[in-house]
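First up is the structure itself, then whatever we jot down about it.
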Amino acid sequence: ETGVTQTPRHLVMGMTNKKSLKCEQHLGHNAMYWYKQSAKKPLELMFVYSLEERVENNSVPSRFSPECPNSSHLFLHLHTLQPEDSALYLCASSPSYLDRSNYGYTFGSGTRLTVV
Amino acid sequence: AQSVAQPEDQVNVAEGNPLTVKCTYSVSGNPYLFWYVQYPNRGLQFLLKYITGDNLVKGSYGFEAEFNKSQTSFHLKKPSALVSDSALYFCAVRDMRGGKLIFGQGTELSVKP
């Protein structure tokens, strides 16, 4: 275990469903990140939270809605998704957004999402 | 703008042979560089990083990376590849403005027996 836990590991949802992905970190980190990883494509940074405040939103469609209720938890709420949204969604954390310690990121194992 | 490039989508190596996974970077100022590995359906795992000091950095699982400032490269190496090294490898550089990591597109390493 890395200290970053993502649930569920696998999710199949219809285009009209509403579901949520959960990420929890036990490392005392203050920054959390959502990445999308599609087959044969690079990592796409979606959202960044620092001390529960969203600091980056990289042109992500509104059908993805993040929530960070505290520094240990991060959610990604999903609604009316498209088949092309099928991907591995990765959560990561770091001590701080600016990461002056150069600690790097700690990743969870991801949620494999399939939209049917 | 800060960036990293991994010029090879795939690297094939025979077990026992040395392996190299290439990474070049473009940054203003001193670079902070990282390597991560991803096994199938898993998250990325930290391998090693270069912040300052010796140009040869040693990391997990017998991997090492050589920082070359003149060539702006940070290639990942291992003297003797194992089949279990087969995975997706990502190079990353820290964005000096905002602090976040910028990842390369990944290189798939395949080690055959």
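Chain A is the first sequence line, chain B the second, and so forth, proteins listed ahead of strands; every chain is numbered from 1. Because only heavy atoms are used, hydrogens play no part in the values below, and waters and symmetry mates are left out as well, while side chains stay in.
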Open item on the list: Under 4.5 Å from any heavy atom of chain A, what part of B/I51 do you find: side chain, backbone, both or neither?
Closed with: side chain
Task: Other residues, nucleotides, ligands: >12 heavy atoms within 6.0 Å of A/E53 CD - done: no
Task: Linked, directly or transitively: B/V4 and B/Y50 (ILVMFWY side chains, under 4.5 Å) - done: yes
TODO: Without swapping roles, check the side chain of B/Y36 against the backbone of A/Y105 for a donor-acceptor pair under 3.5 Å.
DONE: yes
TODO: Measure the shortest side-chain to side-chain distance between A/L88 and B/Q38 over non-hydrogen atoms and say whether it is less than 4.5 angstrom.
DONE: yes
- [ ] Identify the heavy atoms of A/P42 and B/Q105 that sit nearest to each other, and give their distance.
- [x] CB-CA, 3.8 Å
- [ ] Side chain from CB out, backbone as N, CA, C, O: work out which of these in A/Q37 comes under 4.5 Å of a heavy atom of chain B, or both, or neither.
- [x] side chain
TODO: Let me know if B/Y39 has heavy atoms under 4.5 Å from chain A in its side chain, its backbone, both or neither.
DONE: neither
Open item on the list: Hydrophobic cluster membership, with links at side-chain heavy-atom distances under 4.5 Å among I/L/V/M/F/W/Y: are B/F34 and B/I102 in one?
Closed with: no
Open item on the list: Grouping I, L, V, M, F, W and Y whenever their side-chain heavy atoms are under 4.5 Å apart, do A/V48 and A/F64 come out in a common cluster?
Closed with: no
Task: Verify same cluster id: B/Y89, B/V93 (apolar side-chain graph, 4.5 Å) - done: yes
Task: Same apolar cluster: A/M46 and A/L11, side chain cutoff 4.5 Å - done: yes
- [ ] Pick one of side chain, backbone, both or neither for B/L88, based on which atoms fall under 4.5 Å of a heavy atom in chain A.
- [x] side chain
TODO: Measure the spacing between NZ of B/K100 and OG of A/S50 and express it to the nearest 0.5 Å.
DONE: 13.0 Å
TODO: Give, for atom OH of A/Y35 and atom CG of B/L101, the distance between the pair rounded to the nearest 0.5 Å.
DONE: 6.0 Å
Open item on the list: Within the 4.5 Å heavy-atom criterion, are B/F90 and A/L43 side-chain neighbours or not?
Closed with: yes
Open item on the list: Counting only heavy atoms not in B/N17 (residues, nucleotides, ligands), do more than 12 fall under 6.0 Å from its CG?
Closed with: yes
Task: Atom CG of B/D54: over 12 foreign heavy atoms under 6.0 Å - done: no
- [ ] Hey, could you give me the CD/OG1 distance between B/Q45 and A/T2, rounded to the nearest 0.5 Å?
- [x] 8.5 Å
